[in-house]
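Below: one structure, written as structure tokens.
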Amino acid sequence: MTGVRRDSYDVAVIGAGMAGMAAALFAAERGLSCIQIGSGGGILFASGLLDLLAVHPVAEGRLWQSPYAALAALARGEPDHPLARIDPVSIRTAFESFVAALTSAGLAYAPLGDQNRHVLTSIGTVKTTFGVPLTMVAGANMLAADDRPPCLLVDFRGLREFSARQIAAMLADRWPQLRHHRIEFPGREDVPELYAAHLARALECAEIRERTLARVKPLLGEARAVGFPAILGLGRSREVHAAFEAELGVPVFEIPTMPTSVPGLRLLGALEAVVAARGVRRRHQASVRSLAFDGDTGMAMLELEGVPGGERVTARAVVLATGRFSGRGLTADRGGVRESILGLPVHQPASREAWHQRDFLDPAGHAINRAGLRTDAAWRPLEAGGKPAWTRLFAVGAILADQDWMRAKCGSGLSIATAWAATEQVALQLGASAAG
Amino acid sequence: MSAALFQTTLYAALAICVAGLLWRISGWFRIRIGPDTQLITLSQRLGALFRGVVAALFGGRVVHFFGALVLDVLLQRRLYANAKLRWLGHLLIVAGFMLLLLMHALAAVVTVKLFPGYESTRAPHLFLRNLFGTMVVVGVALLLFGRWRSRRRTGLVSVRRPMAAAFLALLGFVMATGFLLEANKIASPQAFYRMARQSSGTADPTELKPLRAVWASEFGVAFDDLKEPIAAEVMAKGREMHEDDCASCHANPASAFVSYPVARALAPLAGRLDAADADTWLLYLHVLACFLGLATLPVTRFYHVLAAPVSLLVNGASPNRESSIAARASRRALAVDACVRCGICDAHCSVAPLARYLGNPYLLPSHKLIATGALADGCLLRSGHDGESRLVAEGAFLCTDCGRCTSQCPVGLDLADLWPAGRGDLVAAGLPAPAQRVQARPALAWAESLEPNSPSWQHGVADPDACYAPLSTDWLSFSRCVQCQTCTNVCPVVAHSTSPEQGVDLTPQKVMNLLRLGLRDLTLGSRMVWDCAICYQCQEHCPEGIRVADIMLELRALGMRRLGTVRSGSAPT
């Protein structure tokens, strides 16, 4: 009775990390029917902060206040960098629509503007980033203020991944008026170890929230803002954050905890809701067993596994968003680096000796971290001869060559911008073929 | 058939049937399933029944009641949603059987009123009897095929049903004698003469020769004295006689599309069958088999014709969850009684893979339901079979309460309400949850005695690990773990844990870490493994795609199996 399902879509997006989610979202917003294959679990490692471009050149570690100025410098210095190949107006539009979609799913962001912001991390360092969730932005504002006003950081006994005292100690020189205090989480006084997501869920309950705030209020003193670990609600963070600000009477901000974190869960939840609301079919426990293109029609045929009974899908275009090594889009072994699904040629160091610098912490990074797929101007991966491997196969995100997103602090920017640019090409190609 | 014998056997069968039904229906108000029902009195249960009936028929839910009658009982939408082939088979049987009952068995009461001038030989009745009989036979075949195919696909064992085969044989016998009776009448010269006497006023073979010639050559009567070729004018005369005397009251026997070919096959034996008075004894066999079916109705599969619609109507009229304990007490007993053993629940059961690994069918809802009834009835414990009770307890406590059996049941049984009640009865009977035994002591205390080679192991026990899909020993299944804590962060059991004494000892990611360290046996006595709700949040969220919940369930099953082999005296104290 249950045969193998066969369905047809305009686009199949392989991968459900930031790039895959962005590609599915943008494809759906362009009116294309879309199926997305793969687990979104990688997003759990995200902090909710959306980097655009903070560091260039990587070797110098130069930080930029304006990501758009950094993009201009990147275009001059590294013209092959994927972000250098997209015009800044498109990048701005891509970010605006991505953030608008997240906001529509209950994960609100501060207005984007032109400048990077500086955000506290859970180990007391300062991170330069672009898109900041509303629940975190007050911290950036306090840090940006010239006078560094008195602020209070609160943490919870048992939440081992977050120490307010450490943050205050790390920032003691720059921010002497930053106080810290540890409180018990209400109802968990006897539990030795606490986990962020459980506290986040508990704070969505008004009673727990009131008992928590009753413990914070007496500590306020002169503080002009209060910082907490990022546990202010899970799906209803806006509501919890607003309730905290209303009760405490000062701005409240979250500091993202170590991955995997509550902001990661929020981002995954919001992105899942966003693509589902736009009609994207998700196969989040499936993976691609095989992908082939019909030589005549150019149609892609995908065979999925991990779906009960198996599934076969045809798509007019395929977007490869399978990531680099941790996403398993690329596989490295002693023979070299391979692309995992189609065995596409990977741009990589000539030999394994050249993968890494002699110094592991070399600020310039390692050549292996710039390995990946090279594409034509329309984001189509190239075959060995330098031509697009398939007319309607596109690649986005971390699998692309000539970028080191971790060191350049441009991970989200790379994903969102290339997804935007590539889906634009997908729509063009499909429109052209429909017209033709 | 003599009227006296007919009436005596009919009323005897009816009396047995009614008495049996009353006994079974009394069980709905007698049997207590679940500790919460033990103090409910009979009068409370009857009171709840009365209030329920009044509310269903005269309250605001009357629409639901009739909705259930049409959609669930008559159209069988639940079966349709689940197994379309078996739905078709069921529909054919119900329609065929009801029509046979009304149009054929009760012809003197029903059919004569609907068809003025009814004769059993007239069109379309000759054809319809064969059609209805065929519908029943094809329906049974479809049901058996659907069931066989589903069992083959899932590899699960069926509930043993000694009465089922006997009932199927009886049904087959009734159908076969029916078709044979009809076939014999078509081929029988004796029957021809009897009818000829009625319609033409004569039974003289010579006088009837032209008619006999026509009936022999065209309608399959097997005369043994008509061997020579018949002249054309004789045939013409015969057709004339047929038109005058027979055609108005007798359809072409070929319209009995099953019996007619049988009659043609029986033709060489027709003389001997007549001599042996086959007409009479086939009728006896047919009717007496029907009466036997009637008398045994309360104990055969046939009983579901009563119990299943009652269950569907009760559950359709008001949800079990909204009813009082007194009403639920009766509804639980009814659920055990109304199960049709179709096995659809088994095919959807979340722990069905474990039933296969453990070789314990009591994990499967259909088996568990019978055991729950037997426990409440006292039969299970009276049987004195300790091993059986232990298997029942193992099955009951490995259930994850996922509720899929309830959602799929074609009879609409609220099994999700039955299972906790059954577990309560097991605890009351001194068969407590293994988890309680394990959790009385810390994980480390168990680690040694649950090790496969510990001296506390009984001799002669087969390696209990041998029957598992080895997720928990296959390093590929957990080696990707990066200890990111996502599983722990989304775990409702860890979230619910409020004190070290009551809470979990190992979080899910710590269990995964012990597996990575090759310390699987250390996890078997941990609270996490035994408290896991198998909600699959961890598995759904794991960024590395590790089957965390599947591993937890496997560890619990393994612990369960090892626990059964630990001598009670050697368990840690």
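Proteins come first, then strands; the chains are lettered A, B, ... in the order of their sequence lines, and each starts at number 1.
- For a residue to count as touching a neighbouring chain, one of its non-hydrogen atoms must lie under 4.5 Å from one of that chain's; by this rule A:L265 touches chain B with the side chain only.
- In terms of heavy-atom pairs under 4.5 angstrom with chain A, the leader among B:C542, B:C484, B:A495 is B:A495.
- Across A:L268, A:L44, A:I43, a single residue satisfies side chain to side chain contact (heavy atoms under 4.5 Å, CB included) together with B:P543, and that is A:L44.
- Closest non-hydrogen pair, B:Q485 versus A:T260, comes out as C-OG1, 4.3 Å.
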List the steps and the verdict of side-chain contact (heavy atoms from CB on, under 4.5 Å) for A:F45 and B:V482.
-> CA-CA 11 Å; A:F45 292 98; B:V482 294; 4.1 Å; yes

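- Residue-environment remark: CH2 (A:W405) stays at or below the threshold of 12 foreign heavy atoms within 6.0 Å.
- Few gaps surround OH on B:Y536; more than 12 heavy atoms of other groups in view lie less than 6.0 Å from it.
- Looking at B:V494, the atoms closer than 4.5 Å to chain A (heavy atoms on both sides) sit in the backbone and in the side chain alike.
- The CG atom of B:N489 sits 6.5 Å away from atom CD of A:E161, with the distance rounded to the nearest 0.5 Å.
- Judged by distance alone, with hydrogens and angles left aside, the side-chain atoms of A:H198 form a donor-acceptor pair with the main-chain N or O of B:C491 at under 3.5 Å.
- Atoms CD and NE2, on B:E540 and A:H284 in that order, are 4.0 Å from each other to the nearest 0.5 Å.
- Proximity to chain A is absent for every atom of B:R547, based on heavy atoms less than 4.5 angstrom apart.
- Heavy-atom distances place the side chain of A:E193, and not its backbone, under 4.5 Å from chain B.
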